[in-house]
Amino acid sequence: MADLFDIDETARISELATLIKKYQDSYYNGEGEIPDAEFDALWDELKGLDPTNPVLLRVGADSGNFAKREHVMPMGSQEKAADPEQFLAWAKNHAYDEYLVEYKLDGASLELQYLHGELQHAVTRGDGRIGDDITANAKKMQGVQSALFASDGARVDFTGGIRGEVIMTHTVHSQYYADKANCRNAANGLMKRKDGSGSEHLCLMTYDALATEGQSPFADEEDKMLWLKSMGFKTSPLKICKTAQDVIDYRAEVMERRKNLDYDIDGLVIKERLIDLADASRARPDRQIAFKFSLEEAVSILRKVEWSESGATYTPVAIFDEVQLNGTTVQRASLANPDTIRKLGVKIGSHVVVVKRGEIIPKIEAVLSEDGGAATSPVPFPRVCATCGSSLVDDGSRLYCPNKNCSKRILHQLLKWISVIDIRDLGETLITSLFKNGRVSSISDLYTLTVEELKPYFLNEESVDKKDSLGAQKVYDSIQSHRTVSLAPFIAGFDIEGIGETMVQKLVDAGLNTLEELLTAPAEKIAAVYGFADITAKVLVTGLAENAEEMRSLAAATIRLQEGGAVGELAGKSFCFTGELRTMKRADAEALVKKAGGSYKSSVTKDLSYLVTNDTSSGSSKNQKAAKFGIPIINEEAFLQLVGR
């Protein structure tokens, strides 16, 4: 199987390299085929699989419609950070006294070449070394200076290059080029028209310069931006941040501000004050980074917090003004628990950063500093259980009803048991009716149900005495066929907060593989097991103590509890399934894993054994994460071989 994975990885690297070259060329020639976020995902996956691949040093290539000219300034690609975690990892190795931050303009790169203050050539990015000479078109653009003059009108003797980004404003796009997909594509196409028509609708915004003769007219990066302005060039705002966290906070502010800009930006560029020519000459400079915005992030205003009730736990859910995340409209996000609200400083009326990075449920990641005039108020917390009236307990990591006999908690536990043990024929509607009628009030009660008692729930009253109920018999048989239960699902079925089957299996694998060992284990021993921590261990110990009596009773007289370590050909192996399977439902695949002694997970973690997908070349978040952790990505056929099918 190892050889198969090596072959799959080599094929994927080749496929990624081909795709990146294709999309780079279309991007630099004005017909970008995929969103930036999708391109970045391909780039990051290739970088994770083959960090030295030559494609990662490649820029692009221009068309053959213009004369070619070599740059006087290097035009390499920047390192990228897609989220705060990646930026902090870069900043850890680049601890500057201050960070100079500019907008990352989303347009088409252009270099202006001057000789003694007079424009000679305007050269597109091309392959980073040679580009198209579009001087005639550039001279029509707004913001391009045909000659450089000082404030007193004297010609400035500057020889070298000035680099900028050709952009189209939203106003121009909507007025003249609404048929184009976006401003960048429209700008890229117009600037390369042979007749130059439409170039007057474009604008150059500059951000870099290099003197190739004489003394440099600027001393550092800030001075460079001031000099460009003094020469009459348009520039984007410059922000000086003292710490990496200040950069992250500023990025969140700009994310909110950019919706009001008349031009597109797709991130920030972070530099040090010192001009480092040696680093700038590299194909991929290391001393600066593009801190990109993500399609999976947005800034909104928190309007209220609702508290979702699930079993004993009350979970805060943020309700905010609608935002677009990765093509979907989002208005709700998880706030996890009371401590998250307090740690982030969330208030009603706060400006919040909403993220959805590969997660099913969005979450609030940060809160922006309050505007002096913004009206905010504390988030109200519920104080009593809406079902039984008991005072809720706020232990920071959760807000919950402590009453074990609360009817809401009991019903939720019954439904959890049916789900975990996989008694499919005993549906939620039926168990809810049995609970409300007082027939079932504990897990043990489920196993005392008879066919006669179940009949009324399947037949009309007038037919109860006339014929047997096939539905009642089916439910009864399903319950009876689930009397043999392994230890991990047995514990997970008792609905202890945050304790699923995978978590219990970690304890079983660590040697706590009998019911009594789990019931008597101190929190310190549980916390020492990988995947647990003090809070989770404490919650588990409390939950086990609450349910110990029924657990022992079930194991003694009702359930055949299978204790000891996992057995089977997949013992110790874990699987995560993503995408559609062809030969079976996902639940059936997960059942095969369990039957063979393995376990399954809903997400990709470092200790996962296999990710199973029929789209092994996808750039999905799960595929990317698996590649990052070095987890084998296998298809359905390979999975079936592992389980002996």
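- Look at Asp97 and Arg273 and you find no salt bridge, because none of the NZ, NE, NH1 or NH2 atoms lies under 4.0 Å from a carboxylate O.
- Using a cut-off of 4.0 Å between Lys/Arg side-chain N and Asp/Glu carboxylate O, Arg342 and Asp394 are scored as salt-bridged.
- Counting non-hydrogen atoms of neighbouring residues, nucleotides and ligands closer than 6.0 angstrom, the NZ atom of Lys234 reaches no more than 12 such neighbours.
- You'll find the ring centres of Phe575 and Tyr600 outside the 6.0 Å limit.
- Expressed to the nearest 0.5 Å, how far CG of Leu392 lies from SG of Cys385 amounts to 6.0 Å.
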Discussion item. Please evaluate residues Met205 and Tyr103 with respect to the criterion side chain to side chain contact (heavy atoms under 4.5 Å, CB included), reporting the C-alpha separation (whole Å), side-chain torsions for both, the decisive distance (0.1 Å), and the verdict.
Written reply: CA-CA 11 Å; Met205 296 185 70; Tyr103 289 173; over 6 Å; no
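- Annotation: side chain of Asp266 is not in contact with side chain of Arg184 (no heavy-atom distance under 4.5 Å).
- Environment of NZ in Lys408: crowded, with over 12 heavy atoms of neighbouring residues, nucleotides or ligands closer than 6.0 Å.
- Remark: Asp607 engages Lys506 in a salt bridge, criterion side-chain N to carboxylate O under 4.0 Å.
- Of the possible polar contacts, none joining the Asp279 side chain to the Pro285 backbone as a donor-acceptor pair under 3.5 Å is found.
- In this structure a side-chain-to-backbone donor-acceptor pair under 3.5 Å is missing from Arg409 to Thr313.
- Rounded to the nearest 0.5 angstrom, Lys292 NZ and Ile289 CD1 are separated by 11.5 Å.
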Practice prompt. Quick one: do Asp106 and Ile265 satisfy side chain to side chain contact (heavy atoms under 4.5 Å, CB included)? Show the steps, please.
Written response: CA-CA 5 Å; Asp106 189 15; Ile265 61 176; 5.7 Å; no
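- Ring geometry, Tyr99 versus Phe87: the interplanar angle exceeds 60°, so the pair is classed perpendicular (tilted spans 30 to 60°).
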Fill in: Residue pair Met191, Met141: steps toward the side chain to side chain contact (heavy atoms under 4.5 Å, CB included) verdict
CA-CA 9 Å; Met191 66 189 277; Met141 298 176 188; 3.7 Å; yes
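- The one candidate from Tyr96, Trp90, Tyr250 that meets the side chain to side chain contact (heavy atoms under 4.5 Å, CB included) condition with Ile270 is Trp90.
- The line from CG of Leu226 to CG of Leu238 is 8.0 Å long, rounded to the nearest 0.5 Å.
- Shown here is Glu580, whose CD atom has no more than 12 heavy atoms of other residues, nucleotides or ligands within 6.0 Å.
- Contact annotation: the side chain of Val101 never approaches that of Phe291 to less than 4.5 Å [non-hydrogen atoms, C-beta and beyond].
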Worksheet entry | Trace of the side chain to side chain contact (heavy atoms under 4.5 Å, CB included) decision for Val529 with Ile526 | CA-CA 6 Å; Val529 175; Ile526 291 174; 5.6 Å; no
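- The residues Glu365 and Lys363 are annotated as not salt-bridged, no charged nitrogen and carboxylate oxygen being separated by less than 4.0 angstrom.
- Summarising the local packing, OH of Tyr176 is surrounded by 12 or fewer heavy atoms from other residues, nucleotides or ligands at distances under 6.0 Å.
- Distance CG/Asn623 to CD1/Ile633: 4.5 Å, rounded to 0.5 Å.
- Paired with Tyr207 under the rule side-chain hydrogen bond (donor to acceptor under 3.5 Å, both in side chains), one option of Glu102, Arg163, Lys104 passes, and it is Arg163.
- Of the inter-residue distances, the one linking Ile496 atom CD1 with Lys416 atom NZ reads 9.0 Å to the nearest 0.5 angstrom.
- In this structure, CG on Leu611 lies 7.5 Å from NZ on Lys622, to the nearest 0.5 angstrom.
- Within 6.0 Å of CG in Leu344 there are more than 12 heavy atoms belonging to other residues, nucleotides or ligands.
- The shortest distance between side-chain heavy atoms of Val352 and Val367 falls below 4.5 Å.
- In summary, Lys239 and Glu253 do not engage in a salt bridge, as defined by a charged side-chain N under 4.0 Å from a carboxylate O.
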